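Take a look at the structure set out below.
From a predicted model like this one, the values you see are computed outputs, not experimental measurements.
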Amino acid sequence: METHPLFLLFLLMLYLANNRVAAQSDWATPVKNRRKVPDNETVYQVSKQFCWGCIGESLEFLFAHNMVRALKWELPLMWDNQLENYARWWAGQRQSDCKLEHSFPEDGFKLGENIYWGSGSSWTPKDAVSAWANEVKYYNYESNTCQAGQMCGHYTQIVWKNTRRIGCARVVCDDGDVFMTCNYDPVGNYIGERPY
């Protein structure tokens with residue numbers, strides 16, 4: 001994973017600050033109370049826990065969703081960290097098998113949820129949202145139904161008029177494929193209601 005230049009600058013400033021404080025106080029500080037300057041292994045272990053690409057992925061998910069909503073004159077969604085945490089948890093559960101499964105039973109939806117699987121590791125948030133949005137061709141607004149044998153619920157959840165918040169996650173599974181999930185609140189796709 002690529003290291004962000006601002007992070008490297010932060011580490012350099014932290015290192016210099018620690019060395020300056022240590023140099024200024026070495027003569028007055030007992031040896032047992034001196035702070036140890038982190039070694040490269042410690043810095044590496046801490047920094048690899050940060051997800052530098054996550055911010056970019058979050059923005060990509062959000063922008064792609066809001067472009068689809070804009071086509072129907074729906075208000076833009078806002079990013080929600082709790083929904084993102086839930087999505088990250090579920091993506092983590094799917095990392096070992098990459099199964100295209102929802103996080104709760106089909107009749108137990110408390111959040112809206114779209115899921116995506118792609119063969120290979122190069123699939124992006126934009127790819128997932130595009131696949132969901134392309135279901136518009138199967139949706140008939142007049143009858144408020146999907147074309148027989150097709151799915152359109154992913155699309156209608158994206159453009160659902162009352163939905164305001166979103167949180168998503170992307171994971172490369174152990175087999176090298178990609179699993180992505182987005183959660184929506186308030187939930188959409190109520191039977192008998194139109195999305196917009």
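Listed by chain and number, the residues in a salt bridge (Lys or Arg N to Asp or Glu O under 4.0 Å) with Arg94 are Asp97, Glu101 (sequence neighbours excluded). For Lys72, the side-chain contact (heavy atoms from CB on, under 4.5 Å) partners two or more places apart in sequence, or in a different chain, are Glu74, Tyr155, Val159, Tyr196. For Asn140, the side chain to side chain donor-acceptor pair (under 3.5 Å) test picks out Ser143, with sequence neighbours left out. In this structure Met151 satisfies the side-chain contact (heavy atoms from CB on, under 4.5 Å) test together with Glu135, His154, sequence neighbours excluded. With sequence neighbours left out, Asn189 forms a side chain to side chain donor-acceptor pair (under 3.5 Å) with Thr156. Under the rule for a side-chain contact (heavy atoms from CB on, under 4.5 Å), Ser122 has no partner lying at least two apart in sequence or in another chain. With sequence neighbours excluded, the residues satisfying side chain to side chain donor-acceptor pair (under 3.5 Å) with Tyr139 are Asn144. A search for side-chain contact (heavy atoms from CB on, under 4.5 Å) contacts involving Asn85 returns nothing, not counting sequence neighbours.
Arg69 places a side-chain N or O within donor-acceptor distance of the main-chain N or O of Ile158, the cut-off being under 3.5 Å. Asn183 contributes no side-chain N or O that, together with a main-chain N or O of Glu113, makes up a donor-acceptor pair within less than 3.5 Å.
Of the N and O atoms on the side chains of Asp127 and Ser130, not one donor lies less than 3.5 Å from an acceptor on the other residue.
The distance from the OG1 atom of Thr181 to the CG atom of Leu111 is 9.5 Å, given to the nearest 0.5 Å. The NZ atom of Lys110 sits 9.5 Å away from atom OH of Tyr86, with the distance rounded to the nearest 0.5 Å. To the nearest 0.5 angstrom, Asp80 atom CG is 11.0 Å from Leu62 atom CG. Summarising the geometry, atom CG belonging to Asn162 is positioned 10.0 Å from atom CG belonging to Leu75; distances are rounded to the nearest 0.5 Å.
Other residues, nucleotides and ligands place more than 12 heavy atoms under 6.0 Å from the CH2 atom of Trp90.
Within the structure, salt bridge (charged side-chain N to carboxylate O under 4.0 Å, His left out) pairs that include any residue of residues 169-193 comprise Glu57-Arg170, Arg165-Asp185 (at least two apart or interchain). For the ring-ring contact (aromatic ring centres under 6.0 Å, His included) condition, the pairs that include at least one residue of residues 57-82, sequence neighbours left out, are His65-Tyr184.
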